Amino acid sequence: MESDQQYAQRHVRQFKTDSVAQIVGSGLGNSKLVVSRVKRDSPDHGFATPAQPDAVFSILVQLRSQGRRELYLDDKLVHQGSFRERTVSVVNHWQRPKANLLSAFDTIIFTVPQSALNEVAADHGVRSLETLVCEHEGRLDETAWSLAQSLLPALERPEEVGSMYAERILLASTTYFAHAFGGLQQATKVGHDLTPTQLNRVIELMRDQFQSDLSLSLLASEMDLTPRQFVQAFRRTTGETPDRWMRHHRIEQAKTMMRGTTLPVSRIATLCGFRSDQHFIRVFSLLTGITPGAWRKHILN
């Protein structure tokens, strides 16, 4: 069975890059969503062609301008010229895309399978989307640009990204693409808060398993909601997204351990669900304005 990493790598194998960073998340059902940053500083890459036609769309956001580029669909040249920084474009892999990359590039690529779009449509109570459409020369889209920019810190350290964050941001991205490029109508049904019973149940679950890499799908299923519905209801009820709530809870648990034990910071980081002690130090410093070591020294003195 193909792993998440193998699935993600398969979708960037056609690029000869200086660096690749990827994050994988689950869709609303069985689909997988991927965001990749592919970068090459030298020109004359040549042709990049996906291995085979597939029911997948690539949404590309240019982080730097490409001076020269050619795009072929079904062996027909459909665009020749430049792609400016911030340009967003869509490629349908069923159309056997082939890009001749003549300039250096730095691009964010969202990989969205048709199955994920079908899941989003079903979640909104509408029929499946047939395709995503964008001008071959691309367009400026501030929302897509903001999504790409928001992911850059995570793509710097993808090994530190938790399942809840990955699922939330990639589901939000896919839903936006379905609206912007697929014509999905905005949901008119007003959402609801979590009931007190639901909130107590999910908080209990998150507290009991704060050391684990919990997924949105698991938490949502406990509430009999889809991940999208759960994130919206949790945010309306608590004022925070589930992943941000968990991040704050882990820091509070770490403070309790630093105050009441002599365990080293590296051990506390592991016990509190952080991927490494450096990951813990970065998050702790971001939320408190002080390093864990300095905080512990101040509290114990």
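Note: hydrogens, waters and symmetry copies are ignored here, and every other heavy atom, side chains too, is used. Remember, it's a predicted structure, so these values are computed and weren't measured experimentally. Residues take their numbers from the sequence shown, with the count starting at 1.
- Contact check on Arg236 versus Asp193 returns a salt bridge, with a Lys/Arg side-chain nitrogen under 4.0 Å from an Asp/Glu carboxylate oxygen.
- Ion pairing of Asp44 with Lys16 is absent here, as no side-chain N (NZ or NE/NH1/NH2) approaches a carboxylate O to less than 4.0 Å.
- Under 3.5 Å, the side chains of Asn200 and Glu204 contain no donor-acceptor pair of N or O atoms.
- In this structure, Val35 and Ile169 have side chains that are not in contact, with every pair of non-hydrogen atoms separated by 4.5 Å or more.
- Residues Leu117 and Phe177 are not in side-chain contact: their nearest non-hydrogen atoms beyond the backbone lie 4.5 Å or more apart.
- Here Arg37 pairs with Asp106, Glu156 under the salt bridge (Lys or Arg N to Asp or Glu O under 4.0 Å) rule; sequence neighbours left out.
- Taking a cutoff of 4.0 Å between a charged side-chain nitrogen and a carboxylate oxygen, Glu70 and Lys98 do not qualify as a salt bridge.
- Annotation: side chain of Arg139 is in contact with side chain of Phe181 (closest heavy-atom distance under 4.5 Å).
- Side-chain contacts under 4.5 Å among hydrophobic residues (ILVMFWY), followed directly or transitively, place Val56 with no other residue at all.
- In this structure the side chain of Leu63 reaches within 4.5 angstrom of the side chain of Trp145, judged on heavy atoms.
- Sorted by first then second residue, the ring pair (Phe, Tyr, Trp, His ring centres under 6.0 Å) pairs that include residues 200-220, not counting sequence neighbours, are Phe210-His249.
- No hydrogens or angles considered: nothing links the side chains of Ser65 and Glu85 as a donor-acceptor pair under 3.5 Å.
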